[in-house]
Trainee: 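Would you mind keeping the following structure in view while I ask a few things?
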Amino acid sequence: MTQDEMKKAAGWAALEYVQPGSIVGVGTGSTVNHFIDALATKKDEIKGAVSSSEASTERLKELGIEIFDANEVSSLDVYVDGADEINATFDMIKGGGAALTREKIVAAISKSFICIVDNTKEVDVLGKFPLPVEVIPMARSYVARELVKLGGDPVYREGVVTDNGNIILDVHNMQITDAKALETQINAIVGVVTNGLFADRGADVLLIGAPDGVIKKSK
Ligand code: 5RP
């Protein structure tokens with residue numbers, strides 16, 4: 001099985017969490033693209049989706065799924081999204097696709113976070129994947145210096161502007177043993193919009209695409 005086939009298996013498995021008549025929170029990335037394809041098969045049974053990026057919005061619209069603004073809904077039952085890394089307590093690094101801030105907003109208004117990944121994303125310690133941090137452009141150098149003080153090596157993601165008009169610093173060489181504390185610490189740096197640690201609001205259900213099928217884990 002290829003990595004993409006494992007992503008597809010996880011994406012389609014998430015369909016069982018979608019309730020008829022609901023508005024579904026939809027993440028961003030290649031695994032979520034498979035989920036969106038699956039969701040399109042139920043488009044007449046759901047009200048629509050709250051999307052976490054312009055890219056997902058475009059794909060959802062192309063497939064005939066109505067888009068709702070996050071401000072129009074008080075809460076969502078389910079948010080389905082991928083991850084770049086996930087550990088045993090379902091803390092994640094996200095933001096490889098630069099959509100971390102909107103992903104965090106949609107996750108925050110959702111009762112349940114269904115994380116869909118292929119089996120390369122499970123790790124013992126977070127941090128091998130560089131931690132994305134969304135930063136107001138004016139604060140780029142200041143935030144980078146502060147991240148160095150925290151022990152990381154921030155690298156400016158060249159040529160990337162987020163959907164919110166900001167830049168991304170990818171922080172290399174972090175061994176993240178207390179994800180909640182680091183999430184709070186980085187978010188407190190002036191100029192940081194948010195960082196890609198999803199520990200304060202981690203996943204509730206993990207669907208892992210693996211060669212023998214989809215493995216389901218719950219908190
Ligand atoms: C985008 C994300 C994605 O969920 C993460 O990068 C995983 O992507 P993929 O499913 O393509 O491996 O956080 O900002």
Side-chain angles (χ1 to χ4, degrees), residues 1-15 17 24-39 49-60 70 78-87 90-108 110 112-123 126-135 155 157 159-172 174 176 179 183 186-187 192-210 214-215:
M1 225 184 197
T2 65
Q3 189 178 10
D4 191 56
E5 284 167 340
M6 293 190 283
K7 288 181 182 205
K8 184 174 179 180
W12 279 76
L15 209 51
Y17 294 88
V24 184
V26 176
T28 300
S30 55
T31 316
V32 165
N33 283 345
H34 289 300
F35 171 67
I36 294 174
D37 293 344
L39 194 61
V50 172
S51 169
S52 65
S53 64
E54 299 298 336
S56 288
T57 297
E58 199 178 315
R59 193 178 184 97
L60 286 157
V78 163
Y79 177 57
V80 178
D81 199 359
D84 298 300
E85 285 185 348
I86 183 159
N87 68 13
F90 292 6
D91 305 323
M92 294 167 279
I93 287 183
K94 292 184 43 54
L100 58 160
T101 299
R102 294 189 187 191
E103 290 173 342
K104 216 174 250 197
I105 294 166
V106 187
S110 300
S112 185
F113 188 135
I114 315 295
C115 180
I116 50 175
V117 293
D118 64 82
N119 68 355
T120 64
K121 305 292 185 71
E122 278 193 298
V123 297
L126 296 172
K128 194 169 175 204
F129 189 93
L131 174 64
V133 181
E134 180 164 354
V135 177
V155 175
R157 203 184 291 182
V160 171
V161 177
T162 71
D163 287 346
N164 314 306
N166 299 311
I167 61 108
I168 298 286
L169 295 174
D170 290 307
V171 191
H172 294 247
M174 300 285 267
I176 304 169
E183 181 177 1
I186 294 177
N187 282 345
V192 167
V193 180
T194 199
N195 71 82
L197 280 169
F198 283 57
D200 191 40
R201 202 281 176 258
D204 301 297
V205 173
L206 176 57
L207 301 174
I208 309 156
V214 176
I215 299 162

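Residues take their numbers from the sequence shown, with the count starting at 1. Remember, it's 1-based here, ligands and their atoms both numbered in the order they're listed. Note that this is a predicted model, so its numbers are computed, not measured.
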Trainee: Measure from the side-chain N and O atoms of Glu183 to the backbone N and O of Asp200, and report whether any donor-acceptor pair falls under 3.5 Å.
Mentor: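 Here the side-chain-to-backbone pair exists.
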
Trainee: For ligand 1, list the protein residues that place a heavy atom within a distance below 4.0 Å of one of its atoms, sorted by chain and number.
Mentor: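 For ligand 1, the residues that come within the 4.0 Å heavy-atom cutoff are Lys7, Thr28, Gly29, Ser30, Thr31, Asp81, Gly82, Ala83, Asp84, Lys94, Gly95, Gly96, Gly97, Ala98, Ala99, Glu103, Lys121.
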
Trainee: Restricting to salt bridge (charged side-chain N to carboxylate O under 4.0 Å, His left out), what partner residues turn up for Asp37, sequence neighbours left out?
Mentor: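 Here the qualifying residues are Arg59.
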
Trainee: Arg102 side chain to Glu54 main-chain N or O, any donor-acceptor pair under 3.5 Å?
Mentor: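 It does not hold such a pair.
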
Trainee: For the pair Asn187 (side chain) and Val192 (backbone), establish whether a donor and an acceptor sit closer than 3.5 Å, ignoring hydrogens and angles.
Mentor: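 Side chain of Asn187 to backbone of Val192: no pair is present.
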
Trainee: Quick one: which of Asn119, Thr31, Asp118 gives a side-chain hydrogen bond (donor to acceptor under 3.5 Å, both in side chains) with Gln3?
Mentor: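 The passing option is Asp118.
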
Trainee: Between Lys94 (side chain only) and Ala99 (backbone N and O only), is there a donor and an acceptor less than 3.5 Å apart?
Mentor: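 Such a contact is absent between Lys94 side chain and Ala99 backbone.
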
